[in-house]
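Comments concern the structure below.
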Amino acid sequence: MKQYVPHPMDTSDIELGQDIVELGELLARNTHEVWAQSRVEQGWVFGEKRDDVRRETPCLVEYEELSEEEKDYDRHTAMETLKVIVKLGYKITRD
């Protein structure tokens, strides 16, 4: 089997304004909420350590209770998504 090599869009040239960075934090929080809801629906519960067999994870907590490392994972996803939107020529505005 051929090894998969990811090729995400290069967004290194995109700088986002502070208002969009704040939007990114809201999206990161919502990303966690969507993930957590999905896990709960699949029967996962909070556990001190991740256990795939018992469906336990320490990440089934409110966003504010996550480690910075876990928050950064969601932030990175949100910010890269926003950068791709801008790179593709879309404008993000608030009414």
Side-chain angles (χ1 to χ4, degrees):
M1 179 185 287
K2 183 178 171 183
Q3 183 175 352
Y4 168 65
V5 178
H7 294 286
M9 192 176 295
D10 180 9
T11 60
S12 61
D13 60 327
I14 302 298
E15 289 192 34
L16 302 174
Q18 185 59 35
D19 55 336
I20 302 303
V21 171
E22 291 170 10
L23 173 60
E25 185 67 17
L26 293 172
L27 291 174
R29 177 184 310 276
N30 194 64
T31 297
H32 174 68
E33 293 296 321
V34 169
W35 172 86
Q37 182 179 40
S38 176
R39 286 292 193 203
V40 168
E41 289 170 355
Q42 295 168 3
W44 285 72
V45 295
F46 175 82
E48 291 296 324
K49 295 191 319 189
R50 182 178 171 128
D51 184 324
D52 291 351
V53 174
R54 296 177 64 184
R55 293 188 176 192
E56 294 179 349
T57 176
C59 295
L60 273 179
V61 295
E62 292 189 29
Y63 184 75
E64 293 78 20
E65 296 178 40
L66 289 173
S67 68
E68 283 303 308
E69 182 180 25
E70 288 295 330
K71 287 180 188 176
D72 285 344
Y73 180 82
D74 292 330
R75 287 175 180 140
H76 179 74
T77 299
M79 296 308 295
E80 284 302 309
T81 299
L82 289 168
K83 287 180 178 181
V84 166
I85 290 168
V86 171
K87 185 161 187 106
L88 292 173
Y90 292 91
K91 302 233 184 286
I92 302 171
T93 60
R94 184 176 190 170
D95 291 334

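The chain is numbered in sequence order, starting from 1.
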In this structure, CD1 of Ile92 is separated from CD1 of Ile20 (nearest 0.5 Å) by 4.5 Å
Considering residues, nucleotides and ligands other than Glu69, do more than 12 of their heavy atoms fall under 6.0 Å from its CD?
-> no
All pairs passing salt bridge (charged side-chain N to carboxylate O under 4.0 Å, His left out) where residues 5-33 contributes a residue, at least two apart = Asp13-Lys87, Glu25-Arg75, Arg29-Glu64
Got a sec, which residues hit side chain to side chain contact (heavy atoms under 4.5 Å, CB included) with Arg50, two or more places apart in sequence or on another chain?
-> Arg39, Trp44, Asp52, Pro58
Using atom types as modelled and distance alone, determine if a side-chain donor or acceptor of Thr57 lies under 3.5 Å from a backbone N or O of Leu60.
-> no
Measure across Tyr63 and Ala28 and return the closest heavy-atom pair with its distance rounded to 0.1 Å.
-> OH-CB, 3.6 Å
Could you tell me which non-hydrogen atom of Leu66 sits nearest to which non-hydrogen atom of Lys71, and how far apart they are?
-> O-CE, 3.6 Å
Here the pair of heavy atoms bringing Met79 nearest to Leu16 is CE-CD1, 3.4 Å
With sequence neighbours left out, write down each residue that passes side-chain hydrogen bond (donor to acceptor under 3.5 Å, both in side chains) with Thr11, or none if nothing qualifies.
-> Glu80
Would you say Glu68 has more than 12 foreign heavy atoms packed within less than 6.0 Å of its CD?
-> yes
Indicate yes or no: at least one non-hydrogen side-chain atom of Asp51 is less than 4.5 angstrom from one of Lys49.
-> no
Remaining members of the apolar cluster that contains Val34, side-chain heavy atoms under 4.5 Å | none
Go through the structure and list residues passing side-chain hydrogen bond (donor to acceptor under 3.5 Å, both in side chains) with Thr93, not counting sequence neighbours.
-> none
Note: with side-chain heavy atoms under 4.5 Å as the link, the other cluster members for Leu26 come out as none
Leu23 side chain reached by Arg94 side chain, heavy atoms, under 4.5 Å | no
Around Gln18, counting heavy atoms of other residues, nucleotides and ligands shown, do more than 12 lie under 6.0 Å from its CD?
-> yes
How long is the gap from CD on Glu70 to CH2 on Trp35, to the nearest 0.5 Å?
-> 7.5 Å
Could you tell me whether Tyr73 atom OH has more than 12 heavy atoms of other residues or ligands within 6.0 Å of it?
-> no
Could you tell me whether the side chain of Thr81 reaches within less than 4.5 Å of the side chain of Leu27, counting heavy atoms only?
-> no
Gly24 and Ala78 have their tightest heavy-atom pair at O-CB, 3.4 Å
